[in-house]
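Input: a single structure, listed below in structure tokens.
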Amino acid sequence: MKTLESLAVHASDTPDELGAVVPPLYTSTTFRQTAPGEPGPYEYARMANPTRAMLEKTVATLENGAHGFAFATGLAACSTVLDLLDKDAHLIAVDDLYGGTRRLLEKVRQRTTGLTVSYIDPADLAGIEAAIRPNTRMIWVETPTNPLMKMADLSAIAAIAKRHKLISVVDNTFATPCLQRPIEHGFDVVLHSATKYLNGHSDVVAGVVVTSADAPEVSERLAFLQNAVGSVLDPYSSFMTVRGIKTLAIRMERHSENALKIAHWLEAQPGIKAVHYPGLESHPQHALAKRQMRAFGGMISVELNGDNDYVRRVVARLRIFTLAESLGGVESLICQPSVMTHAAMSPEQQREVGITPQLLRLSVGIENADELIADLAHAFTE
Ligand SMILES: *Cc1c(COP(=O)(O)O)cnc(C)c1O
């Protein structure tokens, strides 16, 4: 089995004595030892649990990586990856970053470990290289970025990281392995908020990290940190996430198809200033997106022409799109990043990266595309 469609369904297959097609959910926190100090494959559930291991193997397989590590949340995954760094390290991150990741870097790690961060536009490869300092240890990339849908050239950035011996990390939450596999471009670490597309049904909070076979040292240290720091995913959420992943490939296809139709439609509307979607020819990095991604995903951001009241009226008139944070579920959601997902950023930081109050972010679900467009058309009509 090689294709993502088949692997999404079968990567979690686990031999079972009773022949169960769906492996059981193991809730035991501890496992019998044959003699003192002689455990079997499992010992204590923070260290490893069979159901969590099934999820870890599944995501590692889909990402074409060596090892998977599941965490209680996406941010717990980010946090444990940052624990790879010693104190007073410097990190280079793309300038348009998930709000919670930015908050973790600036409001926690700066204080607790003296971490410093340079934020660079992912399109500015020379800028990334120029930002490297003697104490730089890691490059942190999102592509497409949240919420402005900027693209980072994965192969070029992985090459920079290798040249300077930096740990390269991609937050692949938006694209999922169905649309791009950063490890194949040379990245060391891929992480996910599995809360989003991997689980896909807005009913689990989870994070997963996958490491490349070319980075055995990073794998070893992460295995240690996952247990030593201890923010692991519980068995039930692991089970649910494996269940969700079985339909990942087919969901990503529909998310991408719907979003492309909606992005084209939005672009033709008079009340709209800009549509950010890598699948549009008007996207400044459309060529890179076509080269790097199998399809363009379900996330769109759109800048409206009008004041804050107009934006609020549009959002209030929607019937199918739900006003809510989060993304990646089967249902369509809409949010206003400036006061919702990215509210932790100061107004100056928001202005710097281009997050205006007129910006709305759409997580396009798998409903009927024409009905979604009709919903938006109704909302945009005064
Ligand atoms: C949601 C999200 C996170 C954080 O994940 P949680 O599961 O909410 O902790 C990190 N990165 C991206 C891109 C996200 O969308």
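In each ligand, atom 1 is the first atom listed, and ligand 1 is the first ligand listed.
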* To do: Using a strict cut-off of less than 4.0 Å between a Lys/Arg side-chain nitrogen and an Asp/Glu carboxylate oxygen, indicate whether Asp153 and Arg291 qualify as a salt bridge.
  => yes
Need the list: ligand 1 N/O atoms against protein N/O atoms, distance under 3.5 Å, rounded to one decimal.
| from | atom 1 | to | atom 2 | distance (Å) |
| --- | --- | --- | --- | --- |
| ligand 1 | 5 (O) | Ser193 | OG | 3.0 |
| ligand 1 | 7 (O) | Gly74 | N | 2.9 |
| ligand 1 | 7 (O) | Ser193 | OG | 2.9 |
| ligand 1 | 7 (O) | Thr195 | OG1 | 2.7 |
| ligand 1 | 9 (O) | Gly74 | N | 3.0 |
| ligand 1 | 9 (O) | Leu75 | N | 2.8 |
| ligand 1 | 11 (N) | Asp171 | OD2 | 2.6 |
| ligand 1 | 15 (O) | Lys196 | NZ | 2.7 |

* To do: Identify whether the distance between the nearest side-chain nitrogen and carboxylate oxygen of Asp214 and Lys162 falls below 4.0 Å.
  => no
* Hydrophobic cluster mates of Phe31, side-chain heavy atoms under 4.5 angstrom, ILVMFWY only, any path? -> Tyr42
* To do: Determine yes or no for a side-chain-to-main-chain donor-acceptor pair under 3.5 angstrom, with Glu371 supplying the side chain and Glu367 the backbone.
  => no
* **Whether Phe296 and His286 hold their rings parallel, tilted or perpendicular, with breakpoints at 30° and 60°** => tilted
* Taking NZ, NE, NH1 and NH2 as the nitrogens, is one of them in Lys150 or Asp95 under 4.0 Å from a carboxylate oxygen of the other? -> yes
